[in-house]
Every structure is written in structure tokens, then in C-alpha cells.
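Computed from a predicted model, the values in this text were never measured in an experiment. Along the sequence shown, residues carry numbers from 1.
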Amino acid sequence: MKRIVIIAVMSFFFSCVYTVSVFSNELEWWFVQHRVNQNGGDYNAAHFAMKDDSGDYILEDIVNSIALYDPDGIQIQLTTAEFGFAYEVLNGKYDANNGFWSFDDAYSSNSFYSVKFGGTLKSGEYHLSVTDNSSQTYDAYWIFNELVNLPIISSDTFCAFKYDDGSLMWKWNVPTSIMYQNSISTSVRTWIDVYTNGELVKEIHIKVPTHMGWAIVPNTLLQGIEGPNNVLKIGVNVRTNDNNNRSYSNDINWELANSCGCDIDGDQKIGIKEAINALQIVAGVR
């Protein structure tokens with residue numbers, strides 16, 4: 001049996017992982033959290049991923065059973081339990097200290113398992129027990145600190161456009177209400193999901209500070225995901241940094257995101273017409 005201990009605490013603390021390796025596969029990560037969605041979804045979830053002995057994500061379903069126990073040791077009745085899907089991920093982030101954007105050199109394969117359950121989350125240690133199709137069992141533990149009511153960033157506030165160099169920028173309304181609660185540490189993840197013929201195949205996933213309200217992807221990355229059969233959708237989620245709580249916007253086609261009215265001629269680019277409009281606004285003639 002394998003035991004993985006993962007402890008999540010609030011900001012200024014850190015996660016601690018203790019692993020005793022017995023079998024070739026392993027639980028790479030897992031968490032318990034509460035999620036709310038712009039479309040009205042409100043639920044508890046546990047997610048986990050598994051890797052093989054080469055350190056690669058296992059891209060097919062190898063799990064026979066999943067059991068989840070609350071801090072009182074009571075087994076939780078799961079409403080859904082399923083293997084997600086395999087897709088390609090590229091991570092990026094903004095370094096607020098130095099003002100730099102950075103992205104992975106290449107996409108990596110990713111997969112995960114997802115379970116949902118009802119009720120109210122209790123503070124304390126949750127226990128996950130997973131058995132694979134070889135009858136090997138993996139146990140892991142996660143600390144849920146507290147339920148936080150996070151604001152939801154609406155996709156109605158999204159504004160996206162391209163610069164002349166082909167880079168894509170999108171903006172959203174900053175969730176200022178959460179920023180005045182000094183006891184709660186948060187950050188934002190935003191993304192571009194790439195759908196080919198309606199199927200999610202790739203994702204560019206970017207971490208930015210909560211107060212920032214925008215992200216950008218260079219043309220060199222866009223060239224690899226744009227195409228006649230591809231649709232690029234953008235979305236945003238707010239999360240507590242202990243990964244206990246998340247709120248999600250809807251994701252929408254970036255070409256439909258124009259809440260700021262900045263795209264005057266509808267070509268999804270910032271050009272001379274948009275520049276003239278901005279100057280007129282500054283001059284007070286518009």
C-alpha cells in the first residue's frame with residue numbers, strides 16, 4: 001500500500017508531501033475543494049491524477065474504485081466519479097516582482113480523475129483511497145481549511161483583442177471585494193482552451209495576481225493553436241491559495257469578447273481606428 005500525505009494550509013505556510021514508494025504507479029496530486037460556476041453550478045469536488053514509473057501522466061482509466069472519507073472518518077457518498085480526459089497543457093505565469101511573462105517550452109500530456117459530492121465540507125483531514133485495476137491501493141490525505149465565498153468573474157466582462165504583432169491579450173473585471181479581506185490569500189488562473197471539431201485538445205494555463213485583471217499570449221504560441229478547425233475559448237477562475245475554494249467564469253470564444261467596446265471595426269485587432277477612438281475619448285470629443 002502506498003501512503004501520500006499532502007497538507008494544504010493557508011498563505012505563508014507550505015504543502016508537505018511524504019511518499020513511500022511500493023508500486024510503479026503513483027498518485028501525483030489530489031485535493032478536496034468547493035467550486036462555484038458562473039452558470040450556477042455549486043458543488044464539492046475531489047480531483048486527482050496518476051503517473052507511471054516514468055513520471056508520465058497515465059492517459060487511460062486504470063482505476064477500479066474510489067473511496068473518500070470526511071474528517072470524522074465517515075465515507076462520503078459520491079454523486080459522480082469519472083476519468084476526465086487526456087489533453088495537452090502548456091503553463092505560463094506572470095512574475096509580479098520583475099514584470100516578466102514566462103511559458104513552458106513545450107506542451108505536456110495531462111489527465112485527471114474527478115469526483116463530486118454533496119453536503120457541507122467540514123474543516124479537517126480528508127482521506128482518499130484509490131484501487132487500480134491491478135488491485136493496488138493508494139491512500140492520500142488532504143487538509144480542508146475553510147469554506148470561502150469567492151466572487152465570480154463574469155465572462156460578460158471579458159475584452160480580447162490582438163496587437164499588430166499578433167499577440168493576444170484579454171482583460172476581465174478585477175474581483176476587488178476579495179482583495180479587502182486580508183485574511184484570505186488568493187490568485188487567479190486564466191486560460192485559452194483549444195477545441196478541434198468540438199473536442200478539447202490543448203490548454204494554455206496562466207497564473208496571474210488577483211489584482212492584475214489581464215493576460216497576454218505571444219504570437220509564437222498562438223501560431224501553434226490557431227487553425228480553420230480550431231476554436232479558442234478564454235476563461236478565468238479565482239482560487240484561494242490553499243486550493244480549497246475556486247470560482248469559475250464561463251469560457252467563451254475570444255472573438256466574441258468585446259465588453260470594453262475597444263474593437264471599433266470588429267476585426268479583433270487594435271489598429272489605427274481604435275487608436276483614434278482612444279485619443280478622442282482622452283480629448284473629450286467622444
Applying the 4.5 Å side-chain criterion to the ILVMFWY set and letting contacts propagate, would [X] and [Y] be lumped into a single cluster?
| X | Y | answer |
| --- | --- | --- |
| Val148 | Tyr43 | no |
| Leu27 | Tyr69 | no |
| Ile152 | Ile252 | no |

Side-chain contact test, heavy atoms from C-beta onward, threshold under 4.5 Å: evaluate it for [X] versus [Y] and give yes or no.
| X | Y | answer |
| --- | --- | --- |
| Trp254 | Ile234 | yes |
| Phe83 | Leu59 | no |
| Thr131 | Tyr138 | no |
| Phe48 | Leu128 | yes |
| Leu121 | Val32 | yes |
| Asn253 | Glu255 | yes |
| Leu232 | Leu222 | yes |
| Trp30 | Tyr126 | yes |

Does [X] use its side chain to pair, donor to acceptor, with the backbone of [Y] at less than 3.5 Å?
| X | Y | answer |
| --- | --- | --- |
| Asp61 | Val63 | yes |
| Ser154 | Asp156 | yes |
| Asp104 | Asn91 | yes |
| Asn39 | Gly41 | yes |
| Ser129 | Asp139 | no |
| Gln33 | Asn243 | yes |
| Asp95 | Asn97 | yes |
| Thr190 | Ile206 | no |
| Glu125 | Pro71 | no |
| Asp242 | Asn244 | yes |

Minimal non-hydrogen separation, [X] against [Y], with atom names:
| X | Y | result |
| --- | --- | --- |
| Gly235 | Phe158 | CA-CE1, 3.9 Å |
| Trp191 | Asn237 | CZ3-N, 3.6 Å |
| Val188 | Pro209 | CB-O, 4.5 Å |
| Asn241 | Ser187 | OD1-OG, 2.8 Å |
| Ser155 | Ser249 | N-CB, 4.2 Å |
| Ser167 | Pro218 | CB-CA, 3.9 Å |

Indicate whether any N or O donor in one side chain lies under 3.5 Å from an N or O acceptor in the other, for [X] and [Y].
| X | Y | result |
| --- | --- | --- |
| Glu146 | Ser123 | no |
| His34 | Asn44 | yes |
| Asn230 | Thr196 | yes |

Exercise for the section: Hey, can you tell me if His47 and Phe112 have their rings parallel, tilted or perpendicular (30° and 60° cut-offs)? Expected result: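 Aromatic pair His47/Phe112 classed tilted.
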Handout entry: Parallel, tilted or perpendicular, as decided by the 30° and 60° cut-offs, for the rings of Trp101 and Phe103
Key =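 The rings of Phe103 and Trp101 lie parallel, inter-plane angle below 30°.
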Distance, nearest 0.5 Å, that separates [atom1] of [X] from [atom2] of [Y]:
| X | Y | atom1 | atom2 | answer |
| --- | --- | --- | --- | --- |
| Ser109 | Ile58 | OG | CD1 | 12.5 Å |
| Phe117 | Ile76 | CZ | CD1 | 4.5 Å |
| Asp251 | Leu200 | CG | CG | 9.0 Å |
| Lys116 | Leu78 | NZ | CG | 12.5 Å |
| Leu90 | Asn110 | CG | CG | 12.0 Å |
| Ile178 | Thr186 | CD1 | OG1 | 6.0 Å |

Problem - Test side-chain contact (heavy atoms from CB on, under 4.5 Å) applied to Met169 and Trp214, step by step - result: CA-CA 7 Å; Met169 180 180 184; Trp214 63 280; 3.3 Å; yes
Taking the six-membered ring of [Y] (Phe, Tyr or Trp), confirm whether the NZ or CZ of [X] is under 6.0 Å from its centre and within 45° of its axis.
| X | Y | result |
| --- | --- | --- |
| Lys207 | Tyr94 | no |
| Lys122 | Phe144 | no |
| Arg189 | Tyr248 | no |

Exercise for the section: Please test Asp70 against His127 for side-chain contact (heavy atoms from CB on, under 4.5 Å), starting from the C-alpha separation and ending with a verdict. Expected result: CA-CA 7 Å; Asp70 73 10; His127 171 202; over 6 Å; no
Practice task
Quick one: do Asn64 and Asp132 satisfy side-chain contact (heavy atoms from CB on, under 4.5 Å)? Show the steps, please.
Solution key: CA-CA 5 Å; Asn64 273 346; Asp132 69 15; over 6 Å; no
Exercise for the section: For the pair Asn258 and Phe161, evaluate side-chain contact (heavy atoms from CB on, under 4.5 Å) and give the outcome as yes or no after the intermediate values. Expected result: CA-CA 8 Å; Asn258 190 31; Phe161 49 86; over 6 Å; no
Problem - Stepwise salt bridge (Lys or Arg N to Asp or Glu O under 4.0 Å) test for Glu28 and Lys51 - result: CA-CA 6 Å; Glu28 170 64 8; Lys51 285 188 174 182; 3.6 Å; yes
Problem - Residues Lys202 and Glu226 bridged, charged N to O under 4.0 Å - result: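 No salt bridge links Lys202 with Glu226.
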